[in-house]
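Okay, so here's the structure we're looking at.
First the proteins, then the strands, lettered A, B, ... as listed; each starts at 1. Values below: all heavy atoms of this structure, side chains included; hydrogens, waters and symmetry mates excluded.
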There are 2 protein chains.
Amino acid sequence: MIDKNSPIPIYHQLEEHLKSKIESGAIKADEAIPSEREYAERYQISRMTVRQALNNLVSDGYLYRQKGKGTFVNKKKVEQRLHGLTSFTEDMIERGMKPSSKLLSFEIIAAGAETAHRLNIKENTPVYEIKRVRLADAAPMALETTYLPANLIKGLTEEIINQSLYRYIEEKLSFTIHEATQQIEAAIAKDIEIKHLQIEKGAPILLIHRSSFLKDGTPFEYVKSAYRADRYKFIHSMQRGK
Amino acid sequence: MIDKNSPIPIYHQLEEHLKSKIESGAIKADEAIPSEREYAERYQISRMTVRQALNNLVSDGYLYRQKGKGTFVNKKKVEQRLHGLTSFTEDMIERGMKPSSKLLSFEIIAAGAETAHRLNIKENTPVYEIKRVRLADAAPMALETTYLPANLIKGLTEEIINQSLYRYIEEKLSFTIHEATQQIEAAIAKDIEIKHLQIEKGAPILLIHRSSFLKDGTPFEYVKSAYRADRYKFIHSMQRGK
DNA sequence: CAGTGGTCTAGACCACCAG
DNA sequence: TGGTGGTCTAGACCACTGA
């Protein structure tokens with residue numbers, strides 16, 4: 001269950017173990033989990049290590065504590081709609097279209113100044129650079145370049161990015177994608193966009209630059225996209241005072 | 001500074017101390033704070049206790065860590081602030097520009113189909129229609145048409161809209177502005193936009209359509225704006241699962 | 001190399017809760 | 001009273017950073 005010799009931290013192993021128990025329903029909502037001291041004893045680890053695991057699960061909303069009583073499983077998170085931060089794939093599905101991609105290039109390069117700044121890494125640090133034409137219902141929708149720090153998002157393959165990068169990051173790498181900031185502007189298509197998006201010279205495009213962050217604030221993605229203005233509107237909502 | 005005999009936990013005292021230092025600007029953004037070991041030594045407390053304080057500040061977004069380097073102060077929340085729902089006036093001020101307006105027309109008309117739908121009222125219901133050129137630092141920034149249901153937003157005058165419509169709604173009418181949804185797209189400027197925004201034929205513009213709602217869900221505003229693409233980028237942030 | 005944050009230990013005392 | 005979570009200690013080794 002817990003492998004002390006694993007390069008994966010013990011608290012993280014315990015976290016994942018508990019998370020799967022909770023998600024599978026093996027422990028029901030409002031049921032107590034074993035005490036911190038019992039976990040420490042059972043796995044022969046320090047109680048502080050157990051606490052580190054439980055702390056993370058509490059702040060992620062899986063557990064809640066009660067002084068003098070114990071630690072309990074929270075009610076299942078209501079399934080939330082993806083109105084917020086979504087990948088291209090999720091976005092198109094939400095719009096009722098069928099997403100696909102044509103990979104133009106996929107390589108590891110040295111980060112340039114802009115990319116390094118956006119990803120909060122040093123210049124010339126290795127980053128994945130992924131260039132794709134994004135299609136919706138088999139027609140070009142956007143020309144997109146994604147940069148990912150190679151030291152953070154490890155083990156990327158063409159296979160993975162053809163499936164779902166966000167799912168890989170969340171499920172396989174166990175990172176929590178938290179938020180993104182975007183800059184959206186209008187421009188006239190350049191030659192490369194005219195070519196890949198199959199639009200006319202002088203056609204308008206919607207440029208979206210996105211920086212995405214994990215829960216701890218680490219930037220993990222920088223995406224530059226050019227969307228066909230005749231096919232894509234960016235839709236979002238915002239709240240007063242936030 | 002740190003009172004070990006206080007009933008307030010040490011980590012919490014350290015947290016508050018650091019928070020006030022950060023908020024007062026005594027430690028600037030991206031500056032390193034003293035190391036965990038130094039705090040432990042300085043206040044004669046355990047490093048784990050220091051870590052507990054820093055962990056909380058990291059998860060609250062005040063600090064970020066870099067392995068092998070140190071712990072640093074994050075940009076102020078207002079600076080990194082995800083632009084919430086703001087008026088043009090508030091938006092420009094936040095961008096460090098001086099907003100002004102040139103009123104083109106201001107009248108009560110019968111709502112057309114699109115406007116009626118957006119404002120959830122019947123067609124031909126009276127609405128204010130306000131057409132303005134929005135200026136930033138005295139240069140044209142956007143051409144904007146605002147529709148407001150006359151039966152809801154009462155007593156509008158030129159005076160008021162030249163000052164602050166949102167403040168009037170919030171303070172004088174005592175409504176709570178809650179949220180808005182926007183559609184953002186790119187287009188080529190039409191003649192009327194070319195004229196009022198003083199841009200060239202074929203220039204790109206950013207079209208923003210906004211529907212705004214009060215806390216009870218009542219739509220109170222429908223705005224169609226055309227921003228000069230060379231002067232304006234729309235910036236926002238969004239969160240995963242929201 | 002010395003210094004940093006990341007992880008971990010094996011204890012300790014406290015306040016709180018239930019039987 | 002015994003068990004729980006909350007706080008805290010005084011160390012330890014690791015990987016990573018920069019000089």
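For the pair B:Glu41 CD and C:dG3 P, the interatomic distance rounds to 13 Å; values are reported in whole Å. To the nearest angstrom, P of C:dG5 lies 16 Å from OH of A:Tyr11. Rounding to whole angstrom units, CD1 of residue B:Ile8 and C1' of C:dA15 are separated by 16 Å.
Comparing A:Lys69 and B:Gly68 against DNA chain C, the residue whose closest nucleotide sits nearer the 5' end is B:Gly68.
A nucleotide of DNA chain D counts as in contact with chain B when one of its atoms lies under 4.0 Å from a heavy atom; the first and last such, 5' to 3', are D:dT7 to D:dG18.
At a cut-off of 3.5 Å, with distance as the only test, a side-chain donor of A:Tyr166 or A:Glu221 sits close to an acceptor on the other residue. Checking A:Tyr222 against A:Asn120 by side-chain atom types alone, no donor-acceptor pair falls below 3.5 Å. A donor-acceptor contact closer than 3.5 angstrom links the side chains of A:Glu23 and A:Tyr62.
Residue-level contact check: A:Leu54 touches neither bases nor backbone, having no heavy atom under 4.0 Å from any strand.
Pairs of residues two or more places apart, or lying in two chains, never qualify as salt bridge (charged side-chain N to carboxylate O under 4.0 Å, His left out) while including a residue from residues 1-13 of chain A. Here salt bridge (charged side-chain N to carboxylate O under 4.0 Å, His left out) pairs that include residues 43-54 of chain A, with residues two or more places apart or in two chains, are A:Glu36-A:Arg47, A:Glu36-A:Arg51.
For B:His236 and A:Phe234, the gap between ring centers is short of 6.0 Å.
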